[in-house]
Amino acid sequence: MGAVAIDVNANERKLEVMFPMDTKEGVETFLEHYTYLKELMYFSGDYDALIMVIDFEDAFDNCGLTVAERLIIQKVFIEDMKRVDIAKELGVTKQTVQNWSNRSIEKIAKYYKEVEESE
């Protein structure tokens, strides 16, 4: 009987390549696709998407974001609000919203990098 080579980790590697979470660009790309990954997780039963989402939620909770930074990530990437609308709602400038967003993403990427180095 012949053997069949099935790469059971192919999807996981694909997600890791698409979203290198230890870089600012990877975290930002992940956040831009966050709702899609959640849909994959719930509707397609994508186990690898589930792992990425759970890992992200752990990082989000433990990377030291301020309340404002957490709120910005929630509104920009999860609620898909425009930065100008968030700025009006919070009474700050659009640039402040962008700065908080960038700083949040950098903190999340730094957290992933630190966890990766400690393993």
Side-chain angles (χ1 to χ4, degrees):
M1 183 166 278
V4 176
I6 297 175
D7 187 356
V8 294
N9 296 321
N11 193 37
E12 179 181 354
R13 276 195 307 280
K14 182 176 94 174
L15 291 175
E16 288 176 359
V17 169
M18 287 175 61
F19 311 115
M21 298 300 281
D22 59 345
T23 67
K24 183 179 184 251
E25 296 78 17
V27 172
E28 191 163 14
T29 303
F30 173 84
L31 285 167
E32 289 167 355
H33 292 85
Y34 182 76
T35 53
Y36 173 70
L37 289 167
K38 294 235 4 176
E39 288 175 5
L40 280 177
M41 183 178 85
Y42 287 115
F43 299 122
S44 299
D46 189 325
Y47 184 71
D48 297 317
L50 170 70
I51 291 170
M52 293 242 10
V53 168
I54 289 173
D55 285 348
F56 170 75
E57 290 174 355
D58 179 60
F60 187 74
D61 290 340
N62 295 306
C63 69
L65 297 176
T66 65
V67 172
E69 291 167 342
R70 293 173 66 85
L71 182 66
I72 294 303
I73 294 294
Q74 176 74 29
K75 290 189 175 292
V76 170
F77 295 104
I78 297 168
E79 296 176 20
D80 199 27
M81 286 181 67
K82 294 181 192 264
R83 286 167 176 80
V84 68
D85 294 334
I86 298 167
K88 286 179 186 175
E89 182 179 308
L90 298 178
V92 297
T93 66
K94 182 181 169 192
Q95 185 60 48
T96 299
V97 170
Q98 187 61 43
N99 291 343
W100 286 342
S101 177
N102 289 337
R103 190 173 32 209
S104 302
I105 291 167
E106 288 169 358
K107 283 183 180 181
I108 294 166
K110 181 180 175 193
Y111 177 83
Y112 272 98
K113 185 170 272 197
E114 289 171 354
V115 167
E116 188 177 279
E117 290 172 355
S118 71
E119 291 179 346

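Throughout, residue positions are numbered sequentially from 1 according to the sequence presented.
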Quick check: does any side chain N or O of [X] sit under 3.5 Å from a backbone N or O of [Y], one acting as donor and the other as acceptor?
X: Arg70; Y: Phe60; result: yes
X: Ser101; Y: Val97; result: no
X: Lys107; Y: Gly64; result: yes

Parallel, tilted or perpendicular: ring planes of Phe19 versus Phe30, cut at 30 and 60 degrees: perpendicular
Rounded to the nearest 0.5 Å, what separation is found between the [atom1] atom of [X] and the [atom2] atom of [Y]?
X: Leu37; Y: Ile51; atom1: CG; atom2: CD1; answer: 12.5 Å
X: Asp80; Y: Asp85; atom1: CG; atom2: CG; answer: 11.0 Å
X: Leu50; Y: Lys38; atom1: CG; atom2: NZ; answer: 9.5 Å
X: Gln74; Y: Ile86; atom1: CD; atom2: CD1; answer: 10.0 Å

Flag the pair [X] / [Y] as yes when at least one side-chain heavy-atom distance between them is below 4.5 Å, and no otherwise.
X: Asp48; Y: Leu40; value: no
X: Ile72; Y: Phe77; value: no
X: Leu90; Y: Thr96; value: no
X: Phe56; Y: Met52; value: no
X: Met18; Y: Thr29; value: no

Would you name the heavy atoms of [X] and [Y] that are closest together and state the gap between them?
X: Trp100; Y: Glu69; value: O-CG, 4.1 Å
X: Lys24; Y: Ala109; value: N-CB, 3.8 Å
X: Val17; Y: Pro20; value: O-CD, 3.5 Å
X: Met21; Y: Val27; value: O-CG2, 3.2 Å

Short side-chain donor-acceptor distance under 3.5 Å, Glu106 and Asn102: no
Side chain to side chain contact (heavy atoms under 4.5 Å, CB included) partner of Ser104, the single match among Thr66, Leu31, Ile73: Ile73
Whichever hydrophobic residues join Tyr111 through chains of side-chain contacts under 4.5 Å: Val115
Cluster companions of Val84 among Ile, Leu, Val, Met, Phe, Trp, Tyr (side-chain spacing under 4.5 Å): none
Lys110 atom NZ, neighbour heavy-atom count above 12 within 6.0 Å: no
